[in-house]
J.: 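I have a structure I would like to understand better, so I am pasting it below and will then ask my questions one at a time.
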Amino acid sequence: MELGGSYLTAKHRLQTNSRSIRRMSETVRTRFAPSPTGFLHVGTARTALYSYLFARRHGGQFVLRMEDTDTERNVADSAQAIVDGLRWLGLDWDEGYLKGGPHEPYVQTQRLDRYHAATNALVAHGDAYPCYCTQAELEQRRKAAEACGLPPGYDGHCRALTVEQVRAYEAEGRKPVVRFRLPDEGETVVEDLIRGTVRFDNATLTDFVILRANGIPTYHFSAVFDDVDMAITHVVRGEDLFPSTPRHVHVFRALGRPTPPAFAHLPLIVGADRRKLSKRRDRLSVQQFQTDGYLPEAMVNYLALLGWSLDDHTELFTLTDLERLFSLERVSRNPAAFDTKKLDALNGHYLRQLQPADFAARALPFVHAAGFPGAEPGLLAEAAPLVQERVTRLVEVPGMVGFLLDDEVELDQAAAAKVLTDEGRAFLAEAAKRLEEVEPWTAAAIEATLRGLQEERGLKPKTAFQPVRLAVTGRLVSPPLFESMELLGRARSLARVERAAGLPG
RNA sequence: GCCCCCAUCGUCUAGUGGCCUAGGACACCACCCUUUCAAGGUGGCGACGCGGAUUCGAACUCCGCUGGGGGCACCA
């Protein structure tokens with residue numbers, strides 16, 4: 001690209017670039033445009049969800065675009081991590097990154113030639129101009145302005161440079177940026193689907209950089225350019241971008257789209273401390289929730305509820321439900337605090353709803369990772385009904401089924417001291433004998449036998465059964481006892497009961 | 001400092017002038033069920049930030065205040 005003198009000579013107004021005129025098509029097109037600077041953040045994920053849902057609800061298209069113009073902050077593999085997160089949540093995109101489509105490429109650093117052509121045209125048209133101010137100069141003037149109580153924005157220093165001034169700067173070896181020229185007077189109106197009509201006084205808006213000295217555009221330009229180029233009809237994004245929207249409105253206009261897309265600025269998600277979610281304080285990445293044992297169904301449901309509601313009582317939604325019911329009109333305007341408790345409750349709900357085989361399949365990786373590489377899905381599926389209503393997250397499953405997987409269980413010492421009294425051990429000894437006779441080895445038969453013995457001895461159920469539970473599972477808290485014994489099998493159950501019976505009190 | 005947004009139980013929210021002595025969910029507490037832990041059931045605790053104005057009547061409208069959040073980069 002060329003900068004400098006060429007801008008000054010092209011004083012005539014260019015014909016509006018026909019490519020940038022793109023009527024709002026009837027089909028809704030939304031996009032999710034993350035920066036590959038890390039993992040998929042829960043706040044970002046919610047933005048993606050709402051954007052996706054809005055497109056689906058209206059039979060439109062959902063586009064995935066990578067905004068990697070801050071090359072300093074790009075993190076290797078993070079685009080893939082974001083994609084993985086979206087796929088895990090079940091948010092499929094119709095075109096874009098990794099999928100291609102009519103507006104390729106969908107990675108901004110691969111679109112530099114387009115941005116250059118467009119910024120050149122903007123300069124020629126008078127909507128933008130090269131600026132040679134150095135960072136140090138800007139900083140100095142900003143401070144001076146602030147000292148006088150003036151806004152810290154750009155002061156328009158390079159707005160009307162003479163040819164001589166430009167030559168002088170060029171001779172110094174300065175590399176210019178390109179700034180977008182904003183009106184000094186009047187007001188800019190932003191129409192927002194969630195916030196309504198907001199007016200900004202143009203006097204508070206200052207010229208901003210759209211092309212860096214290194215030839216890479218800034219977000220405020222590339223995002224707008226691509227939204228025009230990709231025929232995006234609805235921009236759904238976080239509220240943090242709301243104050244930048246008047247700038248964008250002007251760039252849309254300059255790019256030949258006098259009516260910008262519809263905007264929907266979502267309220268921010270804040271932490272339990274009501275402050276912006278922070279990588280340091282909060283668990284933020286969708287992947288982290290995945291490895292902590294949350295189900296995508298729960299995550300989607302929770303995120304949907306975090307700033308949106310259907311009515312005064314419906315709380316459970318599948319992604320498919322949401323694709324039918326979601327609406328931006330019902331998005332809340334106040335920032336929502338991320339509350340893990342509610343997520344936990346939803347996760348427990350969805351965990352309990354899973355078919356045993358499905359539950360087993362989802363829990364298996366967690367069981368394997370917890371030190372039971374030999375665990376079989378079949379056994380897990382059998383144990384599922386006992387475990388499902390007792391866990392909140394998948395990571396808790398191994399702890400619950402460990403006694404079925406370990407050849408030997410280690411008895412909780414404190415529990416043993418409490419429960420393996422003389423009375424308890426006597427019960428265990430007799431129980432072992434009777435258990436040998438139980439036929440068939442089913443929970444019902446085991447229960448009948450043990451309950452018979454307990455009543456015979458005049459013991460309270462607790463006094464009788466807690467020692468058995470400890471013997472069989474190693475703990476005083478476990479899945480239902482008789483069902484567990486059935487699953488464990490006669491041989492292992494008996495061995496454990498006998499062993500505990502013989503232990504010294 | 002300047003600009004913008006927001007304001008109902010601890011949290012997510014319903015509520016768009018009378019249906020509200022403000023509804024639901026999560027959390028919490030109690031009870032029931034029960035061999036443990038859960039799950040489930042029943043009940044309870046718990047909110048319209050403050051001050052004006054409009055109105056016969058304000059959670060709902062308007063103004064001010066207070067409080068919270070966001071933004072003012074060659075980050076997005």
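Chain letters run A, B, ... following the sequence lines, proteins first and then strands; every chain starts at 1. Everything quoted here is computed from the prediction, not taken from an experiment.
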J.: Starting at CG of A/D155 and ending at P of B/A73, how long is that distance when rounded to a whole Å?
T.: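 In whole Å, B/A73 P and A/D155 CG are 12 Å from each other.
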
J.: Could you tell me whether a side-chain N or O of A/T463 sits under 3.5 Å from a main-chain N or O of A/L459, the two making a donor and an acceptor?
T.: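 Judged by distance alone, no pair lies under 3.5 Å.
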
J.: Give the rounded distance in Å between these two atoms: CG of A/D207 and P of B/C74.
T.: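 Rounded to the whole Å, the gap is 12 Å.
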
J.: To the nearest Å, give me how far apart CD (A/Q135) and C1' (B/C74) are.
T.: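 Checked: the CD to C1' distance equals 5 Å.
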
J.: Restricting to salt bridge (charged side-chain N to carboxylate O under 4.0 Å, His left out), what partner residues turn up for A/R362, sequence neighbours left out?
T.: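 Partners of A/R362 under the salt bridge (charged side-chain N to carboxylate O under 4.0 Å, His left out) test: A/E297, A/D358.
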
J.: Using a cut-off of under 3.5 Å, enumerate the N/O to N/O pairs linking the protein to nucleotides 34-36 of chain B.
T.:
unit_1 : atom_1 : unit_2 : atom_2 : d
B/U35  : OP1    : A/R451 : NH2    : 3.4
B/U35  : O2     : A/R469 : NH2    : 2.2
B/U36  : O4'    : A/Q466 : OE1    : 3.3
B/U36  : O2'    : A/L476 : O      : 3.0
B/U36  : N1     : A/R469 : NH2    : 3.3
B/U36  : O2     : A/S478 : N      : 2.8
B/U36  : O2     : A/S478 : O      : 2.9
B/U36  : N3     : A/R469 : NH1    : 3.2
B/U36  : N3     : A/S478 : O      : 2.8

J.: For atom C1', what is the distance between B/C20 and B/A58, given to the nearest Å?
T.: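 It comes out at 11 Å once rounded to the nearest Å.
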
J.: When rounded to the nearest Å, what value does the distance between P atoms of B/G40 and B/C5 take?
T.: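 So the two P atoms sit 43 Å from each other.
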
J.: Can you list everything that forms a salt bridge (charged side-chain N to carboxylate O under 4.0 Å, His left out) with A/D412? Sequence neighbours excluded, please.
T.: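 Not a single residue meets the salt bridge (charged side-chain N to carboxylate O under 4.0 Å, His left out) criterion with A/D412.
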
J.: Side chain of A/D70: nearest nucleotide among B/G69, B/G40, B/C75?
T.: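 Minimum distance to the A/D70 side chain belongs to B/C75.
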
J.: Determine whether a donor-acceptor pair (N or O, by modelled atom type, separation under 3.5 Å) exists between the side chain of A/S51 and the backbone of A/T47.
T.: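 Here the side-chain-to-backbone pair does not exist.
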
J.: Regarding A/D311 and A/T314, do their side chains bring together a donor and an acceptor under 3.5 Å, going by distance alone?
T.: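 Judged by distance alone, the side chains do pair up.
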
J.: Classify the nucleic acid contact of A/H265 as base, sugar-phosphate or nothing, counting any heavy atom under 4.0 Å across all strands shown.
T.: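 Counting heavy atoms under 4.0 Å across all strands, no contact is made by A/H265.
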
J.: Report yes or no: do A/H265 and A/R237 form a side-chain donor-acceptor pair below 3.5 Å?
T.: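 Checked: A/H265/A/R237 side chains pair up, N/O donor to acceptor below 3.5 Å.
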
J.: Please determine if A/R425 forms a cation-pi arrangement with A/F427, meaning its NZ or CZ atom is less than 6.0 Å from the six-membered ring centre and no more than 45° off the ring axis.
T.: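 Relative to the ring axis of A/F427, which defines the angle, A/R425 lies outside at least one limit.
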
J.: More 5' along RNA chain B: A/H349 or A/S244, using each one's nearest nucleotide?
T.: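 So the residue in question is A/H349.
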
J.: Expressed as a whole number of angstroms, how long is the span from A/N347:CG to B/C26:C1'?
T.: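 Going from CG in A/N347 over to C1' in B/C26 covers 14 Å.
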
J.: Between B/C26 and B/C33, how many Å separate the two P atoms, rounded to a whole number?
T.: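 Between the two P atoms, the distance is 22 Å.
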
J.: Just to verify, what does A/E67 make a side chain to side chain contact (heavy atoms under 4.5 Å, CB included) with, not counting sequence neighbours?
T.: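 For A/E67 the side chain to side chain contact (heavy atoms under 4.5 Å, CB included) partners, ignoring immediate neighbours, are A/A33, A/S35, A/R65, A/Q108, A/Y219, A/A223.
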
J.: With a 4.0 Å limit, can you tell me whether A/R65 has a side-chain N or O closer than that to the phosphate oxygens OP1/OP2 of B/A76?
T.: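 Looking at the OP1 and OP2 atoms of B/A76, neither is under 4.0 Å from any side-chain N or O of A/R65.
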
J.: Quantified in whole Å, what is the C1' atom distance between nucleotide B/G67 and nucleotide B/C48?
T.: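 Roughly 16 Å separates the two C1' atoms.
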
J.: When you measure from the side chain of A/E396 to the backbone of A/T392, do you find a donor-acceptor pair of N or O atoms at a distance under 3.5 Å?
T.: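 Judged by distance alone, yes, a pair lies under 3.5 Å.
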
J.: Using modelled atom types and a 3.5 Å cut-off, is there a donor and acceptor pairing between side-chain atoms of A/T473 and backbone atoms of A/R469?
T.: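 Checking the backbone N and O of A/R469 against the side chain of A/T473, a donor-acceptor pair under 3.5 Å is found.
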
J.: What residues, two or more places apart in sequence or in another chain, satisfy side chain to side chain donor-acceptor pair (under 3.5 Å) together with A/E486?
T.: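 Result, side chain to side chain donor-acceptor pair (under 3.5 Å) vs A/E486: none returned.
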
J.: Measure CZ/A/F208 against C1'/B/C3 and give the value in whole Å, please.
T.: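 Checked: the CZ to C1' distance equals 16 Å.
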
J.: My understanding is that a pair needs two contacts under 3.5 Å, Watson-Crick or G-U wobble. By that rule, which nucleotide pairs with B/A53?
T.: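 By the stated definition (distances under 3.5 Å), B/U61 pairs with B/A53.
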
J.: Assign A/L450 to base, sugar-phosphate, or nothing according to its heavy-atom contacts below 4.0 angstrom with the strands shown.
T.: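 The residue A/L450 makes no contact with any strand.
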
J.: Could you pull out all residues at least two apart from A/D406 that satisfy salt bridge (charged side-chain N to carboxylate O under 4.0 Å, His left out)?
T.: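 Not a single residue meets the salt bridge (charged side-chain N to carboxylate O under 4.0 Å, His left out) criterion with A/D406.
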
J.: Can you tell me the base-pairing partner of B/U35? Count Watson-Crick or G-U wobble geometry only, both distances below 3.5 Å, and say none if there is no partner.
T.: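 WC or wobble partner does not exist here.
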
J.: For nucleotides B/G52 and B/A14, find the distance between their P atoms and express it as a whole number of Å.
T.: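 Their P atoms lie roughly 28 Å apart.
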
J.: Quick check on A/R475: does its CZ atom have over 12 non-hydrogen neighbours (other residues, nucleotides or ligands) under 6.0 Å away?
T.: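 Not more than 12 within 6.0 Å, no.
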
J.: What contact category does A/R237 fall into here, base, sugar-phosphate, or nothing, at under 4.0 angstrom with non-hydrogen atoms?
T.: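 A/R237: no heavy atom of the nucleic acid under 4.0 Å.
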
J.: Among B/C74, B/C3, B/G70, find the nucleotide with the atom closest to the side chain of A/T204.
T.: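 Selected nucleotide (nearest to the side chain): B/C3.
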
J.: Can you check the A/H248 NE2 to B/C75 C1' distance for me, whole Å?
T.: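 Rounded to whole Å, this separation is 12 Å.
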
J.: In whole angstrom, give the distance that lies between atom CD of A/Q388 and atom P of B/G40.
T.: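 In whole Å, B/G40 P and A/Q388 CD are 13 Å from each other.
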
J.: Just checking, any donor-acceptor pair under 3.5 angstrom between side chains of A/T204 and A/D201?
T.: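 Side-chain D/A pair, A/T204 to A/D201: absent.
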
J.: Which residue pairs pass the ring-ring contact (aromatic ring centres under 6.0 Å, His included) test when at least one of the two sits in residues 179-204 of chain A, sequence neighbours left out?
T.: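 Counting only pairs at least two positions apart or across chains, the ring-ring contact (aromatic ring centres under 6.0 Å, His included) contacts touching residues 179-204 of chain A are A/F180-A/F208, A/F200-A/F242.
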
J.: When you compare the protein's N or O atoms with those of nucleotides 28-33 of chain B, which come within less than 3.5 Å of each other, and at what distance?
T.:
none

J.: Heavy atoms under 4.0 Å is the rule here; annotate nucleotides 12-24 of chain B 5' to 3' with B where the base is hit, S where only the sugar-phosphate is, and - elsewhere.
T.: BSSS-------BB

J.: Between B/U66 and B/A22, how many Å separate the two C1' atoms, rounded to a whole number?
T.: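 About 24 Å, rounded to a whole number of Å.
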
J.: Does B/C28 pair with anything, Watson-Crick or G-U wobble, both distances under 3.5 Å, and if so, with which nucleotide?
T.: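 Per the H-bond distance test, B/G44.
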
J.: Test your reading of the model: is there a side-chain donor-acceptor pair from A/R390 to the backbone of A/L386, 3.5 Å cut-off?
T.: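 Such a contact is found between A/R390 side chain and A/L386 backbone.
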
J.: Strictly by Watson-Crick or wobble contacts shorter than 3.5 Å, is anything paired with B/A7, and which nucleotide is it?
T.: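 Here B/A7 is engaged in a pair, and the nucleotide opposite it is B/U66.
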
J.: Parallel, tilted or perpendicular for A/Y169 and A/Y132, by the 30°/60° rule?
T.: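 A/Y169 and A/Y132: parallel rings.
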
J.: Roughly how many Å apart are B/G64 and B/C29, using the P atom of each and rounding to a whole number?
T.: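 So the two P atoms sit 44 Å from each other.
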
J.: For B/C2, which nucleotide is its Watson-Crick or G-U wobble mate, given both distances must be under 3.5 Å?
T.: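 When the pairing criteria are applied, B/G71 turns out to be the nucleotide that pairs with B/C2.
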
J.: Using a 4.0 Å heavy-atom cut-off across all strands, classify A/Q454 as base, sugar-phosphate, or nothing.
T.: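 The answer is nothing, as A/Q454 stays clear of every strand by at least 4.0 Å.
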
J.: Excluding sequence neighbours, so at least two apart, what forms salt bridge (charged side-chain N to carboxylate O under 4.0 Å, His left out) with A/E423?
T.: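 In terms of salt bridge (charged side-chain N to carboxylate O under 4.0 Å, His left out), with neighbours along the sequence ignored, A/E423 is linked to no residue.
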
J.: Take atom P in B/A7 and the same atom in B/C62, then report the distance between them in whole Å.
T.: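 The same atom, P, in both gives a distance of 11 Å.
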
J.: Give me the distances for all protein-to-nucleotides 59-67 of chain B N/O pairs that come in under 3.5 Å?
T.:
none

J.: Heavy-atom contacts under 4.0 Å between residues 193-202 of chain A and RNA chain B, which residues?
T.: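 When residues 193-202 of chain A is checked for heavy atoms under 4.0 Å from RNA chain B, the hits, listed by number, are A/R195, A/V198, A/F200.
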
J.: Under 4.0 Å between any heavy atoms, over every strand shown, what does A/T69 touch: base, sugar-phosphate, or nothing? Just pick one.
T.: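 Here A/T69 touches the backbone only, sparing every base.
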
J.: Using the side-chain contact (heavy atoms from CB on, under 4.5 Å) definition, which of the options A/I82, A/L64, A/L86 pairs with A/Y97?
T.: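 Looking at A/I82, A/L64, A/L86, the match for A/Y97 under the side-chain contact (heavy atoms from CB on, under 4.5 Å) is A/L64.
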
J.: Please give, in whole Å, the distance from B/G71 P to A/R247 CZ?
T.: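 For the pair A/R247 CZ and B/G71 P, the rounded distance is 13 Å.
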
